[in-house]
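Chain A is the first sequence line, chain B the second, and so forth, proteins listed ahead of strands; every chain is numbered from 1.
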Amino acid sequence: MCFSYTQIVFNIPRGTRDFTPEDMQKRRYLEKSMSDTFNSFGYGEVQTPMFENLDLFTAKSGEGIIDEIYSFPDKGGRNLALRPELTAPVMRFYVEKMQMEPKPLKLFYFGNCFRYDRPQKGRYREFMQAGCELIGTNTPEAQAELIAMAYKLLENAGLKTITLSIGNLNILSVLFEKLGLSKENQKYLTPLIDKSQFEDVYDALVDFNVKPKDATAFLEILQSSDVEKISEYLKDNEIVKKELNDLKIITGLLENAFDVKDYEIKMSIVRGLDYYNGLVFEIEAPCLGAEKQLCGGGAYDLIELFGGRESPTSGFAIGFDRTLIALETEGYKFTIPQLDAYLISVNEDVLEKTLEIAQMLRKQKITTDVDLLRRGIGKSLKYASSINAKKAIIVGPKELEQDSVTIKNMETGDQEIVKIKDIVSKIK
RNA sequence: GCCCGGGUAGUGUAGCCUGGUCAACAUAUGGGACUGUGGAUCCUCUGUGGCGGGUUCAAAUCCCGCCUCGGGCCCCA
């Protein structure tokens with residue numbers, strides 16, 4: 001070798017992915033399916049920048065999340081962050097520019113997000129989130145519609161087996177109060193509850209001087225999906241009365257109006273973040289393993305935190321990549337794109353005419369490709385077959401004498417000579 | 001950040017334990033057999049041990065570090 005140089009091999013950064021045309025076909029399908037569903041519920045799409053001021057995220061989630069945020073100072077010394085999620089940016093957008101829009105305001109979004117975390121299946125450092133915010137209402141029907149839409153988004157995309165769980169944080173905190181637990185003790189318990197480690201919860205409760213009898217009753221309610229039973233247990237509490245009543249309306253609407261019958265009431269749903277209040281829900285895909293949560297959401301207060309005028313808000317986020325993996329795992333049949341026509345010119349003399357015909361077809365919205373390698377007819381047909389073309393069009397001097405081409409049906413092998421002006425109607 | 005298991009041509013695999021006779025098989029891609037008719041067959045080119053170091057006369061094989069993928073924690077989408 002005349003020159004000596006070090007060959008540098010560039011690798012994709014950890015936790016990120018490249019997508020092939022086949023991958024993108026699937027991703028675009030899912031995106032289309034989801035945005036159709038959002039639109040059908042009257043939601044409008046918004047988009048926010050890929051990076052924001054770091055403060056936006058620490059204000060929402062606390063300093064703790066800096067560990068998993070990609071943040072950096074820009075050349076002007078501003079502390080910026082690649083967005084780790086989309087609720088905060090969208091709420092910032094709302095407070096900054098959309099507060100005077102008529103209510104309720106229904107917004108949805110797709111966007112890639114970034115988190116510095118240990119990658120594994122269904123968990124990446126750059127990932128796609130879909131989600132929505134419903135601003136200006138917290139009626140039971142609004143919340144029922146929100147939950148139903150989350151469910152339909154996944155169902156319409158083609159998922160067969162998903163589990164929906166609904167909880168309520170206000171009821172949970174009343175349960176805590178009833179046991180006389182300090183905030184600190186509650187904080188210790190919530191992760192255990194979230195992970196359904198009820199034996200550990202029991203042990204901890206006893207350590208916190210809760211009577212065994214009360215602890216058992218508490219755990220029973222936590223694991224119960226019977227609204228009446230929870231109602232009975234907490235009947236003397238006024239705050240809970242309204243929440244439980246709303247919950248009954250919500251589940252009634254889900255079953256009767258929205259045809260979502262497959263759900264579970266679970267007071268043990270916690271959600272990680274402090275700004276949730278009242279209703280919370282989660283949807284999981286059991287086929288996924290450790291990273292099986294597809295969707296999480298509920299009602300929350302963020303507007304005031306970002307300096308806006310108080311207004312009830314709820315929303316949810318869906319893990320786009322996980323949804324796609326779940327579809328693949330379930331064996332969903334994605335449609336394979338087919339090229340309508342593949343043009344082959346017999347020799348170089350008719351090349352220009354071939355390209356001219358290709359342009360004419362493309363104008364008529366016929367997907368068209370042309371042999372660009374000057375390969376023989378045999379090789380070209382083989383190529384047309386391998387890219388799954390519906391028709392091969394052979395352009396040669398013989399046919400051109402009569403202003404015609406040969407059209408070959410790649411599935412049946414039949415072929416016929418067709419006038420150039422008739423190609424479009426023949427193919428359509 | 002922690003524990004565990006992997007990484008061999010573009011893709012899928014064999015070999016590793018027991019170091020040498022080992023880098024193989026299949027498939028895919030380009031070219032040709034075939035200068036106007038495909039999914040077949042045959043020929044041929046291209047391409048490989050994640051990276052670095054150590055042990056050894058000799059490393060895909062044994063040891064260490066790193067990178068990376070996967071399973072499980074943690075956290076969450």
Side-chain angles (χ1 to χ4, degrees), chain A residues 6-18 20 22 61-62 64-65 67-69 83-87 109-131 150 153-154 190-192 194-195 197 270-273 276 282-285 288-297 315-326 342 344-350 371 373-400 405-417:
Chain A
T6 313
Q7 191 169 2
I8 302 166
V9 179
F10 293 103
N11 293 318
I12 190 169
R14 181 168 158 87
T16 64
R17 293 155 298 156
D18 295 315
T20 62
E22 195 192 339
S61 310
I65 58 155
D67 289 345
E68 57 178 47
I69 283 187
R83 57 189 181 194
E85 48 97 21
L86 285 160
T87 296
Y109 53 78
F110 291 92
N112 46 351
C113 301
F114 306 83
R115 284 185 202 175
Y116 191 83
D117 205 345
R118 185 199 164 283
Q120 55 181 306
K121 198 182 187 71
R123 177 191 224 163
Y124 309 97
R125 289 187 171 177
E126 182 186 18
F127 59 97
M128 174 89 76
Q129 255 189 10
L153 276 161
L154 299 169
T190 46
L192 296 176
D194 193 28
K195 278 178 283 178
Q197 296 173 354
V270 178
R271 313 276 322 137
L273 299 160
Y276 279 101
E282 294 177 346
I283 301 176
E284 293 182 344
L288 285 189
E291 306 294 333
K292 66 184 176 187
Q293 193 183 319
L294 294 181
C295 172
F316 60 80
I318 289 180
F320 186 89
D321 307 279
R322 285 182 192 179
T323 306
L324 204 59
I325 296 171
Y342 185 77
I344 302 160
S345 51
V346 169
N347 61 40
E348 290 169 34
D349 297 337
V350 296
D371 168 47
L373 270 178
R374 303 189 180 181
R375 272 189 291 220
I377 292 187
K379 277 274 160 73
S380 287
L381 285 171
K382 193 174 171 183
Y383 177 76
S385 167
S386 72
I387 62 169
N388 200 26
K390 288 184 202 161
K391 300 270 178 17
I393 298 179
I394 298 161
V395 184
K398 274 193 267 173
E399 296 92 331
L400 282 181
V405 294
T406 298
I407 299 184
K408 188 179 181 80
N409 182 321
M410 294 301 286
E411 276 157 43
T412 63
D414 299 338
Q415 61 182 54
E416 58 181 324
I417 294 174

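No side-chain heavy atom of A/Phe114 sits less than 4.5 Å from a side-chain heavy atom of A/Thr16. Contact of the A/Leu153 side chain with the A/Phe316 side chain is registered, since non-hydrogen atoms from C-beta on lie closer than 4.5 Å.
Within residues 114-124 of chain A, the residues that have a heavy atom under 4.0 Å from RNA chain B are, in order of number, A/Arg115, A/Asp117, A/Arg118, A/Gln120, A/Lys121, A/Gly122, A/Arg123, A/Tyr124.
Looking only at distances, a side-chain donor or acceptor of A/Asp321 sits under 3.5 Å from a matching main-chain atom of A/Met128. Without hydrogens or angle criteria, A/Arg115 side chain to A/Glu68 main chain gives no donor-acceptor distance under 3.5 Å. For A/Ser386 (side chain) and A/Tyr383 (main-chain N/O), a donor-acceptor pair under 3.5 Å exists by modelled atom type. Of the possible donor and acceptor atoms, none in the side chain of A/Arg322 sits under 3.5 Å from a partner among the backbone N and O of A/Cys295.
As a whole-Å value, the separation of A/Arg374 CZ from B/G31 P is 13 Å. If you take CD of A/Glu85 and P of B/C75, they are 18 Å apart, rounded to a whole angstrom. Spacing between atom CE of A/Met128 and atom P of B/A77 amounts to 17 Å, rounded to whole angstrom units. The interatomic distance linking A/Lys398 (NZ) with B/U35 (P) rounds to 15 Å, in whole Å. Summarising the geometry, the separation between CG on A/Asp321 and P on B/G70 is reported as 12 Å, rounded to the nearest angstrom. Taking atom CD1 on A/Ile377 and atom P on B/U37, their separation rounds to 6 Å, with Å as the unit. Distance NZ (A/Lys390) to P (B/G38): 23 Å, rounded to an integer number of Å. A/Leu400 has its CG atom 13 Å from the C1' atom of B/G36, to the nearest Å.
A donor and an acceptor atom sit less than 3.5 Å apart, one in the side chain of A/Glu399 and one in the base of B/G36. At a cut-off of 3.5 angstrom, counting only N and O atoms as typed in the model, there is no donor on one side facing an acceptor on the other between the side-chain of A/Lys408 and the base of B/G36.
By the criterion of a centre-to-centre distance under 5.5 Å and near-parallel planes under 30°, the ring of A/Phe127 forms a stack with the base of B/A77.
Pairing of B/G1, defined by two Watson-Crick or G-U wobble distances under 3.5 Å, is identified with B/C73. When Watson-Crick and G-U wobble pairs are counted only if both distances are under 3.5 Å, B/C25 pairs with B/G12. Under the Watson-Crick or G-U wobble criterion, with both distances below 3.5 Å, B/G47 has no partner in any strand shown. Across the strands present, B/G52 finds its partner in B/C64; the criterion is a Watson-Crick or G-U wobble pair with both atom distances under 3.5 angstrom.
Along RNA chain B, the nucleotide nearest to A/Gly413 and the one nearest to A/Leu294 differ in position, and the one closer to the 5' end is contacted by A/Gly413. Comparing A/Pro397 and A/Tyr383 by the nucleotide of RNA chain B whose heavy atom lies nearest to each, the residue mapping closer to the 5' end is A/Tyr383.
Annotation: B/C74 and B/G20 have their C1' atoms spaced 47 Å apart (nearest Å). The gap from the C1' atom of B/U55 to that of B/C67 amounts to 23 Å, rounded to the nearest Å. B/G7 and B/U13: their P atoms are spaced 11 Å apart (whole Å). Using C1' as the reference atom, B/G12 and B/U29 are 16 Å apart when rounded to the nearest Å. Between B/A9 and B/G52, the distance separating the two P atoms is 15 Å to the nearest Å. The P atoms of B/C22 and B/C16 are separated by 13 Å, rounded to the nearest whole Å. For the P atoms, the distance linking B/A58 with B/C4 amounts to 32 Å, nearest Å. Annotation: B/A24 and B/U48 have their P atoms spaced 12 Å apart (nearest Å).
Of the candidates B/A77, B/U37, B/A40, B/A40 carries the atom nearest the A/Lys382 side chain, counting heavy atoms from C-beta on. The A/Arg14 side chain lies nearest to B/U68 when the options are B/U68, B/G38, B/G36.
In this structure, A/Arg375 reaches the B/G30 phosphate: one of its side-chain N or O atoms is under 4.0 Å from OP1 or OP2.
Evaluation of the side-chain contact (heavy atoms from CB on, under 4.5 Å) rule for A/Lys390 yields A/Gln338, A/Asp340 as partners, not counting sequence neighbours.
Across all strands, A/Asp414 comes closer than 4.0 Å to no nucleic acid atom at all (heavy-atom distances). Looking at heavy-atom distances under 4.0 Å, A/Gly396 makes contact with a base. Using a 4.0 Å heavy-atom criterion, one finds that A/Gly297 contacts no nucleic acid atom at all.
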Evaluate the criterion side chain to side chain donor-acceptor pair (under 3.5 Å) for residue pair A/Glu399 and A/Thr406; output intermediate values, then yes/no.
CA-CA 7 Å; A/Glu399 296 92 331; A/Thr406 298; 2.5 Å; yes
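Remark: of the listed residues A/Leu381, A/Ile393, A/Asp414, A/Leu381 is the sole one forming a side chain to side chain contact (heavy atoms under 4.5 Å, CB included) with A/Lys408.
Distance check: A/Ile283 CD1 to A/Thr323 OG1 gives 9.5 Å after rounding to the nearest 0.5 Å.
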